[in-house]
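Sequence positions, counted from 1, serve as the residue numbers for this chain.
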Amino acid sequence: MTAPSGIDRAAHHRLDEAWLAAAWSHPSTRCFVVSGGQVLIDETPDGRTELVTTPSFEAPLTEAHRYFLGTDEDGVRYFALQRDSLPGRMDQSARPAGLREAGLLLSDRDAGLMVHAVALENWQRLHRFCSRCGGRTVIAAAGHVRRCPKCGAEHYPRTDPAVIMAVTDDDDRILLGRQVHWPEGRFSTLAGFVEPGESIEAAVRREVFEEAGVIIGDVSYVASQPWPFPSSLMLGFMARATTTHTQVDGEEISEARWFSRDELTAAFASGEVLPPYGISIAARLIENWYGRPLPTRAAA
């Protein structure tokens, strides 16, 4: 989910109702249903996994919850339809899947479409009323705005910036932590939300110190990843520790450990440490230090 999707979001068309109507009616237009963060996926005869899309003229009725997602390089327009449940499939081969599973399997294009749709659905379900006056809002801009007819306020999808960092020390060990609610053996990089009025570099240093008691010096940006659970943007960093003594907060992090590459390899082999899910930017950050792909495990 960090790779380019090949989809032009074409935001300049979102307020053009005539263009949207023509795009929806075009025979090449494709759409899919999103419900509760899930979509339908299916396996192709050649072993690939695809997002199940249908022509717009075969789509279930849901005029008020139709979201324009963009156009691909071939000019195909894509829409997501928000519904209370996913449609059934007569061939029984498709199955529902959430982003943690589907993101590992889908192409960059399909994963990009799915993450956009899931993020919009999450926001739409949680922001039906105006935060200014309490009035019921209505959908506008092809699903990317909610307007309040009562007071005229416009509300936009929120994105909460969060930092996630692979911390290393002068001996080139990596610091991994285990959250209090995670199962035994699950370790990953440290992470946390950016606070109001805070730079992302300051957030990296604050979160590492608060969670593990380690002081951070240099911080370098690596990559970002949309993470709509429900509305985060994960900003990935490499961070260099200037101290190595750990003292976990006990509220978010129950354990923090330093690993050399050999120690982490042995811990993976013995099952003492479970690798992060392959879809996560945490796995990419650890691999950036590890120097090779991590062992894989299926998403739950």
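Geometrically, R77 does not engage F68 in a cation-pi contact defined by less than 6.0 Å to the ring centre and at most 45° from the axis. Geometric assessment of R186 against the ring of W182 yields a positive cation-pi assignment under the 6.0 Å and 45° thresholds. For the pair R100 and F229, the cation-pi criterion (under 6.0 Å, within 45° of the ring axis) is fulfilled.
Here the closest non-hydrogen pair linking Q124 and I139 is OE1-CG1, 3.5 Å. The heavy-atom pair separating V115 from L99 by the smallest distance is CG2-CD2, 3.8 Å. Nearest heavy atom pair, residue A80 against residue L69, reads CB-CD1, 3.9 Å. Contact detail for S28 and V76: the closest heavy-atom pair is O-CG1, 3.3 Å. Nearest heavy-atom pair, L274 versus E184, reported as atom, atom and distance to 0.1 Å: CD1-O, 4.3 Å. The heavy-atom pair separating N122 from P230 by the smallest distance is ND2-O, 3.3 Å.
Residues Y78 and R109 have side chains that bring a donor and an acceptor to within less than 3.5 angstrom of each other. In summary, the side chains of T71 and D8 do not present any donor paired with an acceptor at a separation below 3.5 Å, with no hydrogens or angles considered. In summary, the side chains of S231 and D160 do present a donor paired with an acceptor at a separation below 3.5 Å, with no hydrogens or angles considered. Of the N and O atoms on the side chains of S260 and D262, not one donor lies less than 3.5 Å from an acceptor on the other residue. Between the side chains of T265 and R292, at least one donor-acceptor pair of N or O atoms lies under 3.5 Å.
Taking a cutoff of 4.0 Å between a charged side-chain nitrogen and a carboxylate oxygen, R14 and D16 do not qualify as a salt bridge. With respect to E198 and R206, a salt bridge is recorded, a charged nitrogen being found less than 4.0 Å from a carboxylate O. Between R48 and E50, at least one side-chain nitrogen of the basic residue sits less than 4.0 Å from a carboxylate oxygen of the acidic one, meeting the salt-bridge criterion. A salt bridge links R95 to E43: one of the charged nitrogens lies within less than 4.0 Å of a carboxylate oxygen. Classification of R205 and E201 as a salt-bridged pair fails, no side-chain N sitting under 4.0 Å from a carboxylate O.
Within 6.0 Å of CZ in R125 there are more than 12 heavy atoms belonging to other residues, nucleotides or ligands. Counting non-hydrogen atoms of other residues, nucleotides and ligands closer than 6.0 Å to CD of E154 gives a total above 12. Shown here is F268, whose CZ atom has more than 12 heavy atoms of other residues, nucleotides or ligands within 6.0 Å. At most 12 non-hydrogen atoms from other residues, nucleotides or ligands lie less than 6.0 angstrom from CD of E251. More than 12 heavy atoms of other shown residues, nucleotides or ligands fall within 6.0 angstrom of atom CG in D172. Within a 6.0 Å radius of CZ in R240, other residues, nucleotides and ligands contribute more than 12 heavy atoms.
No donor-acceptor pair under 3.5 Å is formed between the side chain of S254 and the backbone N or O of G250. Not one N or O on the side chain of T242 forms a donor-acceptor pair closer than 3.5 Å with the backbone of G217. Looking at S25, its side chain never comes within 3.5 Å of a backbone N or O of A22 through a donor-acceptor pair. Put simply, the side chain of Q225 gets close to the backbone of I281: a donor and an acceptor are under 3.5 Å apart. In this structure, the side chain of T159 does not engage the main chain of L233 through any donor-acceptor pair within 3.5 Å. At distances below 3.5 Å, at least one donor-acceptor pair connects side-chain atoms of E121 with backbone N or O atoms of G37.
Aromatic ring centres of H116 and H144: separated by under 6.0 Å.
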Exercise. Tell me, with the steps shown, if S232 and R158 meet side-chain hydrogen bond (donor to acceptor under 3.5 Å, both in side chains).
Key: CA-CA 8 Å; S232 297; R158 63 178 295 169; over 6 Å; no
* To do: Quick one: do H155 and T137 satisfy side-chain contact (heavy atoms from CB on, under 4.5 Å)? Show the steps, please.
  => CA-CA 9 Å; H155 303 279; T137 57; 4.1 Å; yes
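The CZ atom of R30 sits 11.0 Å away from the CG atom of D72 when rounded to the nearest 0.5 Å. Atoms OG1 and CG, on T53 and L40 in that order, are 11.0 Å from each other to the nearest 0.5 Å. The CD1 atom of I279 sits 10.0 Å away from atom CD of E101, with the distance rounded to the nearest 0.5 Å.
At least one side-chain heavy atom of L264 sits under 4.5 Å from a side-chain heavy atom of V273.
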